[in-house]
Amino acid sequence: MKKVHKDMTIRDLLQVDDNIAGILMRAGMHCLGCPSAQNESLEEAAMAHGLEADVIEAQINDYLET
């Protein structure tokens, strides 16, 4: 089973599974295609959007478990 970590870049997350984009978009991260967003870690992106990286990390890992 693959697991993601909040220090992974958005680019790396999307390479794990394209459907992670939907989880990030539902959380309010609508700038996934922006060049600068691709190199941000999940933690940095969450902080920029006022979100908890640990919560999003858990949601993604829950999805990957299914």
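- The side-chain heavy atoms of Glu43 and Asp54, taken from C-beta on, include no pair separated by under 4.5 Å.
- No continuous path of hydrophobic side-chain contacts links Leu51 to Val55 [ILVMFWY only; heavy atoms under 4.5 Å].
- Taking CE of Met25 as the reference point, atom CD1 of Ile23 lies at 12.5 Å (rounded to 0.5 Å).
- Hydrophobic clustering (ILVMFWY, side-chain heavy atoms < 4.5 Å, transitive): Leu42 and Met47 are in distinct clusters.
- Note that CD of Glu65 and CD1 of Ile60 are 12.5 Å apart. Values are rounded to the nearest 0.5 Å.
- The closest donor-acceptor contact from the side chain of Asn61 to the backbone of Val4 lies under 3.5 Å.
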Item to check | CA sep, side-chain torsions, deciding dist, call: Val16, Lys3, side chain to side chain contact (heavy atoms under 4.5 Å, CB included) | outcome: CA-CA 9 Å; Val16 169; Lys3 282 196 92 134; over 6 Å; no

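- What you find for Ser41 and Asp7 is that their closest heavy atoms are CB-O, 3.7 Å.
- The number of heavy-atom neighbours closer than 6.0 Å to CD of Glu52, taken from other residues, nucleotides and ligands shown, is 12 or below.
- Here the closest non-hydrogen pair linking Leu14 and Ala21 is CD2-N, 3.6 Å.
- Atom CD of Glu44 sits about 9.5 Å away from atom OG1 of Thr9, to the nearest 0.5 Å.
- Applying the side-chain contact (heavy atoms from CB on, under 4.5 Å) test between Leu13 and each of Lys6, Met8, Glu57, Gln38 identifies Met8 as the sole match.
- You'll find the side chain of His49 reaches within 4.5 Å of the side chain of Cys31, heavy atoms only.
- Between Asp17 atom CG and Ile20 atom CD1 the span is 5.0 Å, to the nearest 0.5 Å.
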